[in-house]
J.: 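If you scroll down you'll find the structure; I have some questions about it.
Order of appearance sets the numbers: ligands from 1, and atoms from 1 within every ligand.
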Amino acid sequence: MKEMTYGNVRNAFSGESQAYVRYMLYSEVAEDEGFKNVSLLFDAVVFAEKIHARNLLEISPDGVEASTAPMHSGIGDTETNLDKAIHGEEFETNEMYPSYYEVAKSQEESEAMRIFNWAMRAEKEHAKLYKIARDKVEKGQDIEINLINVCSRCGYTIDEKPPEKCPICGAPQTKFKEFSQN
Ligand SMILES: [Fe+2]
Ligand SMILES: [Fe+2]
């Protein structure tokens, strides 16, 4: 793998790993504050970020790379946590993955292109779901979402039953993992 794409893969892995832990902690705060469904949303996205981290690690060759992943420090209340989560997802969707994708494309790294593209499109859905949650929590209300499905191949996340085929990676319905309160 060429150097710049390699660095980007490692950096993205670091970012996804951090999001994984961050959202686990945010889920606990939401649970404590009585936002059970927001907590469920965080749990589902934790799983999605693990998928992204796994995909990146799978294509990552051995080596040591300094991480420059963006850091969102601290744990706030659920409203603050959702703001940070939205900021992180939007950064990944609008800046990080598009630029990594372009580098991978110019270096003809087709595997990295595919993984960056999948993650970018999944993160966009995360931002959308977190915004719905933030708007509710702002008013002191929990979200009405109580069923979330995540594609175990690409991390695509949807607040309803799984589609027949994943719109991002084409995985069949059976590849979806369901999160619900029951
Ligand atoms: Fe995400
Ligand atoms: Fe998928």
J.: Using every non-hydrogen atom in the two residues, find where Val9 and Ala112 come nearest and quote the distance to one decimal.
T.: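 That would be CG2-CB, 4.3 Å.
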
J.: Suppose you place the vertex at the Fe ion (ligand 2); what is the angle out to Cys169 SG and Cys154 SG, to 10°?
T.: 110°

J.: Glu160 and Asn149: side-chain donor and acceptor closer than 3.5 Å?
T.: no

J.: Taking both backbone and side chain into account, is any N, O or S atom of Glu123 nearer than 2.8 Å to the Fe ion (ligand 1)?
T.: yes

J.: Is the Fe ion (ligand 1) less than 2.8 Å from at least one N/O/S atom of His126?
T.: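 His126 does place an N, O or S atom closer than 2.8 Å to the Fe ion (ligand 1).
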
J.: Do Lys105's NZ or CZ and the ring of Tyr101 fall within the cation-pi criteria of under 6.0 Å and 45°?
T.: no

J.: Taking the N/O/S atoms of Glu49 one by one, which is nearest to the Fe ion (ligand 1)?
T.: OE2

J.: Are more than 12 heavy atoms from other residues, nucleotides or ligands located less than 6.0 Å from atom NZ of Lys2?
T.: yes

